[in-house]
*Asks:* 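Below is a structure I'd like to ask you about.
Everything numeric in this text was worked out from a predicted model, so none of it was measured.
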Amino acid sequence: MTLKVKSWRYFEDVSVGEKRKSNLKLITEEEIINFAKQYDPQWFHTDKDEAKNSNFKGIIASGIHVAALWRLLDHEINSDINFVCGIGWDNVRWKNPLRPNSKIYVTSECISKSNTSSEDRGVAVFDH
């Protein structure tokens, strides 16, 4: 058996202005309901009949589900970067509900880089 060695990108390999886009992912009603039942069991995420009476007029994905989907798709396009850790999110907003049968994708753009006190590390900021 041959092991595939991952080709890592490091801080110096990331370029300000580089853009990436994930594949499309279809979000199903079943996926929204199953996630919500386990992690955010609010009625407008889990009960399609009751959700029709909500302000959203139907089932919508939980915000934490949207965040998890973002992470999954971001990992698809940026998992080759040898990150130490993510240090935060700025200005995160859910402007529109994520509904069943939506096709979503993630984009990322490196908008800045700065060195730290460590010679082999820095901070890269991405816009998603």
*Asks:* Taking Asn34 for the side chain and Glu31 for the main chain, is one N or O donor matched with an acceptor at less than 3.5 Å?
*Replies:* no

*Asks:* Within the side chain of Lys113, is there an N or O that forms a donor-acceptor pair under 3.5 Å with the backbone of Gly122?
*Replies:* no

*Asks:* For the hydrophobic clusters of this structure (ILVMFWY residues joined by side-chain heavy atoms under 4.5 Å, transitively), does one cluster hold both Ile64 and Ile33?
*Replies:* no

*Asks:* Same hydrophobic cluster for Val106 and Phe35, using side-chain heavy-atom links shorter than 4.5 Å among ILVMFWY?
*Replies:* no

*Asks:* Heavy-atom count check: over 12 atoms from other residues, nucleotides or ligands less than 6.0 Å from Tyr39 OH?
*Replies:* no

*Asks:* Please round to the nearest 0.5 Å and tell me the distance separating atom CG of Asp47 and atom NZ of Lys52.
*Replies:* 9.5 Å

*Asks:* Could you give the distance from CD1 (Ile104) to CG (Leu69), rounded to the nearest 0.5 Å?
*Replies:* 4.5 Å

*Asks:* If only atom types and distance count, is the side chain of Ser62 paired as donor or acceptor with the main-chain N or O of Ala36 below 3.5 Å?
*Replies:* no

*Asks:* Quickly, which of Asp74, Thr107, Asp80 forms a side chain to side chain donor-acceptor pair (under 3.5 Å) with Arg20? Name it, please.
*Replies:* Asp80

*Asks:* With the 4.5 Å side-chain cut-off for hydrophobic clustering, are Leu73 and Ile77 part of the same group?
*Replies:* yes

*Asks:* What is the minimum heavy-atom distance between Val123 and Ile87, and which atoms define it?
*Replies:* CG1-CD1, 4.2 Å

*Asks:* Taking all non-hydrogen atoms of both residues into account, name the closest pair between Trp94 and Ala67 and its distance.
*Replies:* CZ2-CB, 4.2 Å

*Asks:* First locate atom CH2 of Trp89, then atom CH2 of Trp70, and finally report the distance between them rounded to the nearest 0.5 Å.
*Replies:* 5.0 Å

*Asks:* Measuring from Ile59:CD1 to Thr28:OG1, what's the distance to the nearest 0.5 Å?
*Replies:* 11.5 Å

*Asks:* Please indicate whether Asn55 has more than 12 foreign heavy atoms, meaning atoms of other residues, nucleotides or ligands, lying under 6.0 Å from its CG.
*Replies:* no

*Asks:* Does His45 reach the main-chain N or O of Ile60 with its side chain, forming a donor-acceptor pair under 3.5 Å?
*Replies:* yes

*Asks:* Looking only at heavy atoms, what is the nearest atom pair of Cys110 and Val14, with distance?
*Replies:* SG-CG1, 3.7 Å

*Asks:* For the atom pair CG (Asp40) and NE2 (His65), what is the distance rounded to the nearest 0.5 Å?
*Replies:* 11.0 Å

*Asks:* Measure the acute angle between the ring planes of Phe56 and Phe44, then classify it against the limits of 30° and 60° as parallel, tilted or perpendicular.
*Replies:* tilted

*Asks:* How long is the straight-line distance from CD of Glu12 back to CG of Asn115, given to the nearest 0.5 Å?
*Replies:* 10.5 Å

*Asks:* Are Val66 and Phe126 grouped together when hydrophobic residues (ILVMFWY) are joined by side-chain heavy atoms under 4.5 angstrom apart?
*Replies:* no

*Asks:* Near Glu30 CD, under 6.0 Å, is it more than 12 heavy atoms from other residues, nucleotides or ligands?
*Replies:* no

*Asks:* Would a hydrophobic clustering, with Ile, Leu, Val, Met, Phe, Trp and Tyr connected at side-chain separations under 4.5 Å, put Phe11 with Ile111?
*Replies:* no

*Asks:* Do you know the tightest heavy-atom contact between Phe83 and Asn78?
*Replies:* CE1-O, 4.0 Å

*Asks:* Can you confirm whether more than 12 heavy atoms, excluding those of Arg121, are under 6.0 Å from its CZ atom?
*Replies:* no

*Asks:* Can you confirm whether more than 12 heavy atoms, excluding those of Leu72, are under 6.0 Å from its CG atom?
*Replies:* yes

*Asks:* Mind listing the closest non-hydrogen atom pair of Asn82 and Tyr10 along with its distance?
*Replies:* ND2-CE2, 3.0 Å

